[in-house]
Amino acid sequence: MAHPPATIPTMTSTRTRRLEELTKRLGVTVHYEPVPILVRYGDAARRLEGFYHRHTHSILIDGTLPATVREAALAHELAHALHGDDGHQAPRIERARDEEAAHLLITPEEYARAERLVDSGDPYRLARELETTIDVIQAWQHSWRAAS
C-alpha cells in the first residue's frame, strides 16, 4: 500500500505551533470571537483586532479577521502577556510589542531565506513570501535596523 507523500509544514503551521507552545507555557487561554470595539487614535478610529486580559490570563482575538491578521494579533497579545501588560499601552510600548510579535512569528533564518528568495527587502514581497502581514514585516525590519 502506497503512503501519501510527506508534507512539508507551511510557514504558517510552523508559526502556529510556536504560538501554541508559548500560549501553553504562559497558561493563557485564547478565544476567537467577533470584537466590535473601536479604538481611537487621534482623529482616526480602528477596529480592535484583539486584547490580552491579565487578570483572567486570556486573549480575545477577532475571529472574523483573515488568518494572517489573526496570527499577527495573537503574537502581539502574547507579547503583552509575556510582559504582564493589561489594557492598551502607550504608543512606544505598543510598537515594542509589535516588534516582539514579529520576532515570535519570524525567525532571523526565515527572514533571511525569504529576502534571498525575493531578492529584495520590499515589505510587500516579503509579506507574501512569509505568509504574513506587511505590518509584521515592517516591525521586524524596524527592530533589526534599531539593533544594528
Among E99, H103, E100, which residue meets the side chain to side chain donor-acceptor pair (under 3.5 Å) test with S143?
-> H103
Among R116, R113, E115, find the residue that satisfies the side-chain contact (heavy atoms from CB on, under 4.5 Å) test when tested with E129.
-> R113
Under-4.0 Å salt bridge between R70 and D62 = no
Considering residues, nucleotides and ligands other than H142, do more than 12 of their heavy atoms fall under 6.0 Å from its NE2?
-> no
Specify the closest pair of heavy atoms between A102 and A139, including all atoms of both residues, with the distance to one decimal.
-> CB-CB, 4.1 Å
Can a donor-acceptor pair be found between the side chains of D86 and H55 at a distance below 3.5 Å?
-> yes
Would you confirm whether R97, through its side chain, and H76, through its main-chain N or O, come within 3.5 Å as a donor-acceptor pair?
-> no
Between E94 and H80, does any side-chain donor sit less than 3.5 Å from a side-chain acceptor?
-> yes
Where do H57 and Y52 come nearest, in terms of heavy atoms and distance?
-> ND1-OH, 3.6 Å
When you check the gap from the basic side-chain N to the acidic O, do R18 and E110 get nearer than 4.0 Å?
-> yes
Cluster link V69 to I106, ILVMFWY, side chain under 4.5 Å | no
Qualifying residues under ring pair (Phe, Tyr, Trp, His ring centres under 6.0 Å), relative to Y111, sequence neighbours excluded = W140
Is there a side-chain contact between T64 and V35, using heavy atoms and a 4.5 Å cut-off?
-> no
Given side chains that start at C-beta, do those of E71 and R15 come closer than 4.5 Å, heavy atoms only?
-> yes
Indicate if I134 and V136 have the same hydrophobic cluster label, given that clusters are the connected sets of ILVMFWY residues with side-chain heavy-atom separations under 4.5 angstrom.
-> no
If you group Ile, Leu, Val, Met, Phe, Trp and Tyr by side-chain heavy-atom gaps below 4.5 Å, do W144 and I137 land in one group?
-> yes
Any chain of hydrophobic side-chain contacts (each under 4.5 Å) joining L104 to L65?
-> no
